[in-house]
Amino acid sequence: MDRMPLSLGTATLMAISIANASAKDKQSEAFLKKAIEGNFAEVSMGELAQQNGQSDAVKSFGRMLSTDHAAANQKALNAAQGLGMNLPSGPNAKQKADHDKMATMSGESFDKMFASHMVADHQKDIAEYKKASKSKDAAGEYAIRPDRHIAKASGHGKIVEGRPVINAGPEVSNRL
């Protein structure tokens with residue numbers, strides 16, 4: 001009879017541990033899914049900047065954005081495969097809509113909209129990466145790599161914020 005409460009208690013603790021691990025896996029998978037979709041979106045936005053941008057700075061930033069996010073996506077895809085996830089194959093619907101809206105623009109109006117979008121997007125990404133970096137799994141390991149992710153996203157945001165690099169205009173600078 002003494003074994004029954006011990007076994008029941010042990011089973012309960014195991015069930016709670018499994019539930020907690022499953023919840024953390026779901027958080028990590030959700031983060032990696034968003035990161036992968038975001039990287040796909042940034043690659044396509046970078047390509048769009050190279051095509052539709054007016055200034056050399058926007059075109060140059062677009063090249064850097066595409067290159068950096070293609071490399072980051074390979075790391076994210078590897079981390080996601082390590083968790084046994086189903087991998088996204090492109091940006092999400094909102095990201096596609098943002099791209100399609102900006103694809104109709106060109107010149108100075110594109111440059112300003114692109115800069116504004118990049119500042120807002122990278123600020124949001126930095127917050128999500130910092131939160132995910134606390135995880136002790138493949139998602140956390142991916143997010144915490146300062147040489148590849150948080151630092152680069154911060155750098156992208158700072159490059160966009162600096163009007164000498166991209167003339168974002170006062171509406172962007174005032175939001176920061």
Side-chain angles (χ1 to χ4, degrees), residues 27-80 85 87-134 139-140 142-176:
Q27 288 175 341
S28 293
E29 288 180 15
F31 165 74
L32 283 170
K33 179 179 184 279
K34 286 173 85 173
I36 292 167
E37 290 170 344
N39 285 326
F40 279 127
E42 298 289 15
V43 169
S44 65
M45 284 295 221
E47 291 168 353
L48 186 62
Q50 292 172 69
Q51 295 168 1
N52 292 18
Q54 177 177 322
S55 76
D56 289 339
V58 167
K59 291 178 182 192
S60 176
F61 183 81
R63 275 189 298 281
M64 179 186 66
L65 194 68
S66 291
T67 301
D68 287 355
H69 282 278
N73 214 25
Q74 192 56 54
K75 304 286 185 203
L77 289 165
N78 290 342
M85 287 177 54
L87 304 176
S89 59
N92 66 36
K94 182 187 180 317
Q95 293 161 333
K96 287 178 186 175
D98 289 345
H99 177 277
D100 292 348
K101 177 182 175 185
M102 291 184 64
T104 65
M105 304 171 83
S106 63
E108 186 177 337
S109 62
F110 174 86
D111 288 1
K112 287 184 179 187
M113 178 64 83
F114 176 76
S116 177
H117 180 80
M118 288 295 107
V119 169
D121 187 60
H122 283 90
Q123 286 176 337
K124 178 182 62 78
D125 290 347
I126 291 164
E128 290 175 0
Y129 274 65
K130 284 181 179 178
K131 181 179 175 186
S133 70
K134 295 177 175 112
Y142 167 75
I144 202 165
R145 296 297 302 236
D147 58 320
R148 293 193 176 101
H149 307 297
I150 294 173
K152 282 209 179 193
S154 295
H156 289 173
K158 284 181 178 41
I159 288 170
V160 175
E161 289 171 18
R163 282 189 268 162
V165 177
I166 295 177
N167 187 2
E171 68 280 358
V172 173
S173 297
N174 290 338
R175 284 196 351 232
L176 301 175

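Computed from a predicted structure; not experimentally measured.
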- line: Closest non-hydrogen contact found for Ser44 with Ala41 is OG-O, 2.9 Å
- line: To the nearest 0.5 Å, atom OG of Ser55 lies from atom NZ of Lys112 at 11.5 Å
- prompt: Just how far is it from atom CD of Glu37 to atom CG of Asn92, taken to the nearest 0.5 Å?
  reply: 4.5 Å
task: Report yes if some heavy atom in the side chain of Lys101 is under 4.5 Å from a heavy atom in the side chain of Met113; otherwise report no.
output: yes
- prompt: Side-chain contact, heavy-atom cut-off 4.5 Å: Met102 with Asn52?
  reply: no
task: To the nearest 0.5 angstrom, please state how far the CD atom of Gln54 sits from the OG atom of Ser109.
output: 8.5 Å
- prompt: Quick check: are there more than 12 heavy atoms from other residues, nucleotides or ligands sitting under 6.0 Å from NZ of Lys59?
  reply: yes
statement: Smallest heavy-atom separation, Ala49 atom then Gly62 atom, equals CB-CA, 3.9 Å
message: Rounded at 0.5 Å granularity, tell me how far NE2 in His69 sits from CD in Glu47.
response: 12.5 Å
message: To the nearest 0.5 Å, what is the distance between NZ on Lys75 and CD1 on Ile36?
response: 13.5 Å
- prompt: How far apart are the closest heavy atoms of Leu87 and Ala80, and which atoms are they?
  reply: CD2-CB, 3.3 Å
field: Main-chain N/O of Asp56 paired to Ser60 side chain as donor or acceptor, under 3.5 Å
entry: no
statement: Correct closest heavy-atom pair for Ala76 and Leu32 would be O-CD2, 4.1 Å
- request: Answer yes or no: is there a side-chain heavy-atom contact under 4.5 Å between Ser66 and Gln50?
  value: yes
Side chains of Met64 and Phe61 in contact at under 4.5 Å (non-hydrogen atoms): yes
- line: So NE2 of His117 and NE2 of His122: to nearest 0.5 Å the spacing works out to 9.0 Å
query: Are any non-hydrogen side-chain atoms of Phe114 and Leu48 less than 4.5 angstrom apart?
result: no
task: Determine whether Asn73 and Glu42 make a side-chain contact, defined as any pair of heavy atoms from C-beta on separated by less than 4.5 Å.
output: no
query: Are the charged groups of Asp100 and Lys96 less than 4.0 angstrom apart, N to O?
result: no
task: Determine whether Asp121 and Gln95 make a side-chain contact, defined as any pair of heavy atoms from C-beta on separated by less than 4.5 Å.
output: no
